[in-house]
Amino acid sequence: MSLQTSWIDKLATSSVFDMTQQQRQQLHTRLTQKGATPTRLLASRGYDLFVAVGNTIRVINLLTFKDAWINTIDEALDGSEAAWQQVELFNMPYQVLDTPAIDFDIEALVSNGDQWVAAVGKHKVVCINMPKQGFSTPKAAHHRVPCEAFVLGAPCYTGQRILKAEWHPLCEKKAHLLILDTSNRLLMFDVNDDINTPEQWFDLAVASSKKTIAYGFSADEGLEEQDQVASFTLGGCSKDTSAWEPLTVYYTLTNGRMHALCPVLPKKSVLRRKHLAMLSTTAEANSVRALEAGQMALHVYFRWQHEWVDALCISAAQHDAKAADKPYVTVRHTANLKPSLQGPFVTPEPVPTTDATVSDMLFLTSAGYNILAVAMTNGSVHNYLLSTVDAQFNPRQKAFGSGPHVEQLSVLQSSVKMLPTATLFETVTFAADSPQYLQNRAMSLLRDPLEDHTFYAIHAAGAYAINHKPWLDVLADVSAKVSGNQAAPHIQGDPHSTVQSLIKTAPMPNGSVNPLSGAIVINDPYLSYTMLCTDAHLKLSSVDFSLSQVSMDLALDTPDNDALTAGYVSALPMPPFQPPKAFTEHSAQLNSKVIIPPELGGDKKVVISSDTLKFFSETAKKLDAIIFGIVKGAAETQQRMDIQGAEFQRQTATLTDLLQRALVCQQSTAEGSPLAAKIKATLDRNTQLTLRIERIFRAISASQNTGLTEKEKKWIDAIKDIDDRVSGEKGYLRRISDLTRQITTYSQEINRVRHDMKRTKSSTLTSSQAARLRKTIDAQ
């Protein structure tokens with residue numbers, strides 16, 4: 001038995017992706033609507049895969065599924081071919097989350113990777129508390145798992161359309177969810193505390209940003225107030241080398257103009273200790289430098305930054321005084337200073353003006369550069385290089401007080417020179433051969449869990465991978481030489497991102513479009529490094545990045561790439577041949593028989609004059625140009641026909657050769673032939689080796705707990721600690737066993753002494769008896 005298909009191919013046949021015809025039609029209609037928000041019907045948590053179907057959430061454990069797949073192959077290798085078709089793998093039941101609070105069609109599933117999953121609809125968000133033990137044990141078919149689920153912020157979204165929801169990565173317990181709606185409000189909820197009232201909320205409207213400016217020029221003066229906030233993204237996790245980016249919310253308007261809000265931090269957050277120390281040191285140094293230079297407005301600007309960060313350091317010391325050696329610190333953010341809206345970003349080149357609007361955005365940090373990818377509804381992605389965004393506070397708050405320095409700070413923050421900058425490095429356009437499938441279609445962006453310079457674009461025409469590494473390497477080389485006082489090297493060519501088509505869904509053979517409805521990327525030693533995507537009919541497709549990476553490395557390292565890319569290549573040039581326009585454009589002129597001026601028509605006498613001669617000359621020139629175009633078109637057509645004829649003969653010869661090879665191979669591999677036996681033995685050995693590798697990966701995954709959440713890992717560690725205390729080398733069971741053995745020894749000694757005492761008639765003990773008795777009593 002050979003590995004005919006991968007475990008993911010078998011996963012695609014699982015009933016977890018089954019839908020009724022009505023559900024398929026509803027989902028396809030929703031995905032093909034113009035102007036719809038991005039749809040994300042897949043989510044993961046460890047080894048658990050969540051699939052949204054209508055208003056229900058199904059879950060299947062990928063670890064259990066792959067284990068069953070390997071066991072199936074083992075049984076098939078043992079000679080039980082029926083096991084390959086009848087094993088429970090193909091009927092493995094999925095589980096359904098029992099969530100009565102979800103009474104709407106789910107448009108997006110957002111998992112925090114731990115305890116919570118948010119189900120996002122048009123006007124509602126439901127948060128689901130996942131069971132601690134996960135879903136690794138198969139239950140009965142369609143077993144319903146009771147889960148705690150509740151509507152989040154029900155009074156806040158009356159009549160408002162929810163645009164996007166995202167978990168904040170700095171939250172201590174991963175329980176802070178940010179939600180953007182069509183009222184231009186960004187709400188932050190702590191689902192562990194209050195599900196009705198947001199912990200913090202921010203008004204991102206352009207009109208509101210104008211009101212926050214008390215003095216001076218407003219950078220928003222050219223904007224239309226009807227421009228809506230389209231999407232937002234967060235600045236990522238806290239790192240030792242981070243600046244203010246992890247504390248920043250980036251958002252864009254529908255017209256593509258970018259803004260920022262900093263600092264935004266949950267009240268209970270976790271930061272890297274070095275990150276917090278660097279923010280404090282930098283703000284203090286900038287404040288002192290501005291004071292020495294006599295720039296009082298800048299001094300106040302950086303002083304408030306330092307005081308804000310210093311308050312976090314004090315709260316961290318109060319929270320855990322013994323955590324001085326830990327790399328992370330837990331801070332308590334009081335949110336007493338409101339951040340000021342920053343924007344629009346200053347761009348050296350104008351923002352591309354099209355009829356398209358912003359669909360999604362994603363923030364990336366790679367090789368020290370901040371990148372903002374903005375997806376548009378016309379099938380394009382704008383990649384921007386961003387400057388550093390600092391914390392800015394609204395100077396009209398009571399905490400700032402009043403005075404000339406506050407007024408100067410208001411003027412400074414409202415000036416253009418304090419605005420962040422964004423440089424449009426490139427615009428990536430997908431499916432240029434079928435742009436009609438991408439007009440007014442939603443596009444979602446997905447970051448890669450392994451490579452910080454790669455992300456994925458999911459849209460109606462398929463899925464694409466965008467890799468920034470080529471031009472980031474060029475920028476890093478230029479920066480290194482400039483910082484080393486060397487002349488900036490000349491950049492050859494046009495460095496740009498590499499774009500790889502992963503899955504193509506348009507145009508389909510019948511000319512329709514089949515948009516993708518969800519995508520996730522799993523990265524696990526046992527489950528491999530793979531992207532899973534579902535289309536409008538919830539059909540699963542996959543891309544194995546580990547294999548593609550190996551093939552890419554081979555192509556780069558091997559001098560002779562032709563041997564790796566050998567295959568049939570058509571001789572017909574691209575783009576496809578189109579009939580010459582001369583055959584159709586001049587048909588009307590050829591049919592008209594105008595040889596004299598219209599004013600001399602009818603019974604009028606034709607007079608030879610300069611005007612008539614000029615008319616005859618122009619008519620002849622037109623006819624000559626038409627004839628030349630037709631002759632040129634005929635030559636091009638004849639040349640194309642010659643190429644197609646040669647290509648047809650080449651294809652016929654190739655097919656004939658392939659047919660002959662197939663017949664020879666069929667005869668050689670016929671059942672019972674020596675070659676067929678060798679091939680089968682080789683395949684069996686390859687299968688056994690593959691299974692051995694899979695088992696090794698399974699052991700590694702089990703030992704490292706790679707698929708468990710942080711909460712599950714802590715739970716397992718606590719169980720192991722309890723087990724060590726109970727049954728360890730110095731545990732309670734060992735100590736009880738020692739005590740039991742000692743008690744048995746003492747009991748035997750006492751019984752022996754009592755027996756000796758009964759045998760003695762006299763009340764007087766011998767010296768040896770007295771010593772033995774004394775030793776026993778002392779031991780007791």
Side-chain angles (χ1 to χ4, degrees), residues 35 37-38 161 163-164 166 178 180-186 202-213 216-235 244-245 248-262 264 339-364 369-392 394 413-429 440-445 457:
T37 56
R161 181 79 161 85
L163 300 176
K164 188 176 181 179
E166 190 170 344
L178 281 80
L180 176 68
D181 62 9
T182 51
S183 66
N184 295 331
R185 296 176 305 166
L186 183 65
F202 310 94
D203 190 355
L204 307 182
V206 173
S208 298
S209 63
K210 291 182 180 180
K211 294 177 183 177
T212 61
I213 304 300
F217 168 75
S218 170
D220 289 326
E221 287 298 337
L223 298 180
E224 299 291 338
E225 293 192 7
Q226 64 267 24
D227 286 335
Q228 296 290 320
V229 178
S231 184
F232 77 96
T233 185
L234 301 177
W244 289 97
E245 291 83 10
T248 304
V249 174
Y250 301 89
Y251 63 96
T252 56
L253 307 182
T254 53
N255 59 8
R257 294 185 180 271
M258 295 161 288
H259 297 251
L261 190 66
C262 179
V264 176
S340 177
L341 303 183
Q342 304 179 46
F345 283 22
V346 177
T347 55
E349 60 287 320
V351 176
T353 56
T354 62
D355 295 334
T357 58
V358 174
S359 176
D360 197 9
M361 59 188 303
L362 183 66
F363 177 84
L364 302 170
Y369 296 97
N370 297 328
I371 305 169
L372 191 64
V374 180
M376 310 297 292
T377 55
N378 63 351
S380 63
V381 175
H382 303 312
N383 292 322
Y384 291 91
L385 276 175
L386 303 183
S387 64
T388 301
V389 175
D390 288 336
Q392 287 190 15
N394 185 357
Q413 290 190 177
S414 61
S415 62
V416 176
K417 67 179 182 179
M418 293 298 291
L419 292 177
T421 60
T423 302
L424 179 61
F425 190 86
E426 64 180 356
T427 298
V428 180
T429 302
N440 297 319
R441 305 286 188 183
M443 181 190 302
S444 61
L445 303 179

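The figures here come from the full heavy-atom set of this structure, side chains too, leaving out hydrogens, waters and symmetry mates.
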Q: Check whether any side-chain heavy atom of Ser359 sits under 4.5 Å from a side-chain heavy atom of Pro38, and report yes or no.
A: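 Touching, per the 4.5 Å side-chain cut-off.
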Q: Are any non-hydrogen side-chain atoms of Leu372 and Met361 less than 4.5 angstrom apart?
A: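 When only atoms from C-beta onward are counted, Met361 and Leu372 do touch, with a gap below 4.5 Å.
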Q: Between Asp203 and Asn184, what is the shortest heavy-atom contact and its length?
A: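 Nearest heavy atoms, Asp203 then Asn184: OD1-O, 3.6 Å.
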Q: With side chain to side chain contact (heavy atoms under 4.5 Å, CB included) as the criterion, how do Arg161 and Thr37 come out once you've worked through the C-alpha distance, each side chain's angles and the decisive distance to 0.1 Å?
A: CA-CA 10 Å; Arg161 181 79 161 85; Thr37 56; 3.3 Å; yes
Q: Which pair of heavy atoms, one from Leu178 and one from Phe232, lies closest together, and at what distance?
A: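 Minimum heavy-atom contact is O-CZ, 3.8 Å.
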Q: So do Tyr251 and Leu186 actually touch side chain to side chain, heavy atoms under 4.5 Å?
A: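 No; the side chains remain at least 4.5 Å from each other.
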Q: Are any side-chain N or O atoms of Ser340 and backbone N or O atoms of Gln392, one a donor and one an acceptor, separated by less than 3.5 Å?
A: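 The answer is no, because no donor-acceptor pair under 3.5 Å joins these two groups.
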Q: Contact between Val358 and Met376 at the side-chain level, heavy atoms closer than 4.5 Å - yes or no?
A: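 Touching, per the 4.5 Å side-chain cut-off.
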Q: Got a donor-acceptor contact below 3.5 angstrom from the Asp360 side chain to the Leu445 backbone?
A: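 The answer is yes, because a donor-acceptor pair under 3.5 Å joins these two groups.
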Q: Write down the atom of Pro420, the atom of Gln342, and the distance for their closest heavy-atom approach.
A: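 Taking Pro420 first and Gln342 second, the nearest heavy atoms are CG-OE1, 3.8 Å.
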Q: How would you list, by chain and number, every residue that makes a side chain to side chain donor-acceptor pair (under 3.5 Å) with Thr423, sequence neighbours excluded?
A: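 None.
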Q: Could I get the full list of side chain to side chain donor-acceptor pair (under 3.5 Å) partners for Thr388, not counting sequence neighbours?
A: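 Thr388 satisfies side chain to side chain donor-acceptor pair (under 3.5 Å) with no residue once adjacent residues are dropped.
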Q: Could you list the residues that satisfy salt bridge (Lys or Arg N to Asp or Glu O under 4.0 Å) with Asp390, not counting sequence neighbours?
A: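 In terms of salt bridge (Lys or Arg N to Asp or Glu O under 4.0 Å), with neighbours along the sequence ignored, Asp390 is linked to no residue.
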Q: Donor-acceptor check, side chain of Thr377 to backbone of Thr357, threshold 3.5 angstrom: yes or no?
A: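 At least one qualifying donor-acceptor pair exists.
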Q: For Glu166, enumerate each residue passing the salt bridge (Lys or Arg N to Asp or Glu O under 4.0 Å) test, keeping only those at least two apart in sequence or located in another chain.
A: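 Salt bridge (Lys or Arg N to Asp or Glu O under 4.0 Å) check on Glu166 returns Lys164.
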Q: Could you tell me which non-hydrogen atom of Ala457 sits nearest to which non-hydrogen atom of Met443, and how far apart they are?
A: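 Minimum heavy-atom contact is CB-SD, 4.1 Å.
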Q: Tell me, do Glu245 and Val389 make a side-chain contact under 4.5 Å, heavy atoms counted?
A: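 They are not in side-chain contact.
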Q: Quick one: does Val381's side chain get under 4.5 Å of Thr427's, heavy atoms only?
A: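 They are not in contact (no side-chain heavy atoms under 4.5 Å apart), so the answer is no.
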Q: Side chain to side chain contact (heavy atoms under 4.5 Å, CB included) for Val249 and Leu234? Distances and angles first, verdict last.
A: CA-CA 5 Å; Val249 174; Leu234 301 177; 3.6 Å; yes
Q: Please report the closest heavy-atom contact between Met258 and Ala422, naming both atoms and the distance.
A: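 Looking at all heavy atoms of both residues, the closest pair is CE-CB, 3.7 Å.
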Q: Atom CG in Leu253, atom OG in Ser231: separation rounded to 0.5 Å?
A: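 If I round to the nearest 0.5 Å, the distance is 11.5 Å.
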Q: Under a 4.5 Å cut-off applied to non-hydrogen side-chain atoms, are Leu386 and Phe345 in contact?
A: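 A side-chain contact exists here, since the closest heavy-atom pair is under 4.5 Å.
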Q: Restricting to non-hydrogen atoms, name the atom on Ala260 and the atom on Thr248 that form the minimum distance, rounded to 0.1 Å.
A: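 Scanning both residues completely, I find the closest heavy atoms to be CB-CG2, 4.1 Å.
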Q: Taking only residues two or more places apart in sequence or in another chain, which ones pass ring pair (Phe, Tyr, Trp, His ring centres under 6.0 Å) with Phe363?
A: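 Applying ring pair (Phe, Tyr, Trp, His ring centres under 6.0 Å) to Phe363 gives Tyr250.
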Q: Please enumerate all residues that pass ring pair (Phe, Tyr, Trp, His ring centres under 6.0 Å) together with Phe425, with sequence neighbours excluded.
A: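 Counting only residues at least two positions away or on another chain, Phe425 forms a ring pair (Phe, Tyr, Trp, His ring centres under 6.0 Å) with Trp471.
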Q: Between Thr347 and Leu424, is there a side-chain heavy-atom distance shorter than 4.5 Å?
A: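 Side chain of Leu424 against side chain of Thr347, heavy atoms only: no contact under 4.5 Å found.
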